[in-house]
Number of protein chains: 2
Amino acid sequence: MVKSSSNILKNVSTDCVIFGFDNADIKVLLVKLAVDPGKGEWALPGSNILYDEDLDVAAKRVLCEFTGLENVYMEQLQSFGKTSRFPLFRVITIAFFALLKIEDYSLEPGPKVTETQWHSINKLPKLPFDHNEIIETARKRLKQRVRIRPIGFELLPQKFTLTQIQNLYESILNIKLDTRNFRKKLLNLKILIDTHERQKGVAHRAAKLYKFDKRKYNKLKEQGINFEL
Amino acid sequence: MVKSSSNILKNVSTDCVIFGFDNADIKVLLVKLAVDPGKGEWALPGSNILYDEDLDVAAKRVLCEFTGLENVYMEQLQSFGKTSRFPLFRVITIAFFALLKIEDYSLEPGPKVTETQWHSINKLPKLPFDHNEIIETARKRLKQRVRIRPIGFELLPQKFTLTQIQNLYESILNIKLDTRNFRKKLLNLKILIDTHERQKGVAHRAAKLYKFDKRKYNKLKEQGINFEL
DNA sequence: CATACTTATTGTAAATTATACAATATTATT
DNA sequence: AATAATATTGTATAATTTACAATAAGTATG
């Protein structure tokens, strides 16, 4: 089925901020645009919403069209609508964001994209439009989120060490944490299960591997927690 | 200056959720619509965004056009964009919300409105479109907000009693709080100043009146607090 | 094998904060 | 003087937070 252009909401788009974590940094998924406007630049996956398409459906579709990612659950971040944000005509964009495990997904640049790449959130290039601002807003949201909900299940491998999850929190909050206190507090949530396995292939004492107790994790995610660090 | 209809973004609107407090309940400002769609129904103040108008400017303009309210600082809530939300054609709305002191503002129904009225958030009529859902989302946001920022300056009269502010928190959170513990915790924030005045005209022991230390209040509002109750 | 190297793991005392709980104080009214 | 209504306050116990560094367990090296 070919969609005629009358199906497009010309003045409304969606952009996707996809966060991942590689044990050192928070990463953002960017695409190198193959077409104007913004040709040759790194940008967020984003495009127009269709006339008869719900917002979350549009975000999913656009993400897939640009990066090949499927089955990504995104939450709405907020709208960005400065009159000057898009150079050609007025476009209000509704930004979505998601957290995911980098290694669980494979990327496939779509037709409007020459390349997809994970970029460290601390070393982003200058992006077109207001995409840097959108990412900054998403980052703030993530920072806030981390204090009121458990996090990690979405970003860490299934089995992980306490050091890894501490690194995750440190990356998000951009602060150093006291290991002893962090561990006490984290273990106190009782959402971690000791797998009795250990790290392999490291040139030092191997750390214990943990996994999340999905049920308890989700319960706390709904309830909300108070995780001041 | 007459704006031609080409200045309107046909598929994008803004809706305003204005919260107030009357010492008993959280109130929402509604307007009775004078024109279709929704004629005769209570609804949120809302209308199209203009082509060359920033989102926050649009929200301010629409609020003023519908209710006469000026100088209201609104924050973006989120977008609502179900394809079915508006009966005539596709309209995505960007909702804003604000908190304000009811008695500080005077209402004046605009041309598309026959009446404006504060409605208790617990006794809302059925509103057209998805306006009930929008209010519910705003309420959740407020509930969340209260745990991470001080609140009250926007909703209470300049001088207020500790009982009033406790009522405010109880209304928002929809729970009963222990008076002794609440007061200890609140006073501990050190954002209240004892005015050494007292309530007047009550048929019982008059309560002390407090006011906010604006400087400290704003500082905590920026920093964020942890106000678990 | 002994030593160095690297990261993982753990405890404790002191301070602070949270919690549960009800008697007394102050005014206006009768 | 008694009543009615709401305001105000304290304390003991439990739980949590904070600051702080020594020891453990592997691998790598000579």
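Only this structure's heavy atoms are used, side chains among them; waters, hydrogens and symmetry mates stay out. Proteins come first, then strands; the chains are lettered A, B, ... in the order of their sequence lines, and each starts at number 1.
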| Judged by modelled atom types alone, do A:S79 and B:S79 share a side-chain donor-acceptor pair under 3.5 Å? |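 Side chains of A:S79 and B:S79: pair found under 3.5 Å.
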| request: Verify the distance criterion only: is there a donor paired with an acceptor across the side chains of B:N218 and B:K221 at less than 3.5 Å? | output: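 Note: B:N218 and B:K221 side chains miss the donor-acceptor criterion.
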| If you take all heavy atoms of A:F182 and A:L229, which pair is closest and at what distance? |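 Distance-wise, the nearest heavy atoms are CD1-CD2, 4.0 Å.
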Report the distance from atom [atom1] of [X] to atom [atom2] of [N], rounded to the nearest whole Å.
X      : N     : atom1 : atom2 : answer
A:L186 : C:dT9 : CG    : C1'   : 14 Å
B:I165 : D:dT8 : CD1   : P     : 13 Å
A:Q164 : C:dT7 : CD    : P     : 14 Å

Would you classify [X] as touching base, sugar-phosphate or nothing, given that sugar-phosphate means primed atoms plus P, OP1 and OP2, and contacts are heavy atoms under 4.0 Å?
X      : answer
B:T163 : sugar-phosphate
B:R183 : base
B:K184 : base

| said: Check the phosphate of C:dA18 against B:K185, side-chain N and O only, distance under 4.0 Å to OP1 or OP2. Yes or no? | reply: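 Yes, because at least one side-chain N or O of B:K185 sits under 4.0 Å from OP1 or OP2 of C:dA18.
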| query | Between the side-chain atoms of B:D178 and the base atoms of C:dA20, is any donor-acceptor pair under 3.5 Å? | reply |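 Result: no qualifying N/O pair found.
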| said: Distance criterion of 3.5 Å, no angle test: do you see the side chain of A:R205 paired donor-to-acceptor with the base of D:dA25? | reply: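 No.
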| request: Tell me which nucleotide among D:dT8, D:dA19, C:dA20 gets nearest to the side chain of B:N181. | output: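 Nucleotide nearest to B:N181's side chain: C:dA20.
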| message | Please compare B:A203 and A:A206 by the position of their nearest nucleotide in DNA chain D and report the one closer to 5'. | response |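 Its nearest nucleotide being more 5', the pick is B:A203.
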| query | Is a side-chain donor or acceptor of A:D54 paired with a backbone partner of A:V57 at a separation under 3.5 angstrom? | reply |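 Not at all, since once roles are kept as given, no pair shorter than 3.5 Å links the two residues.
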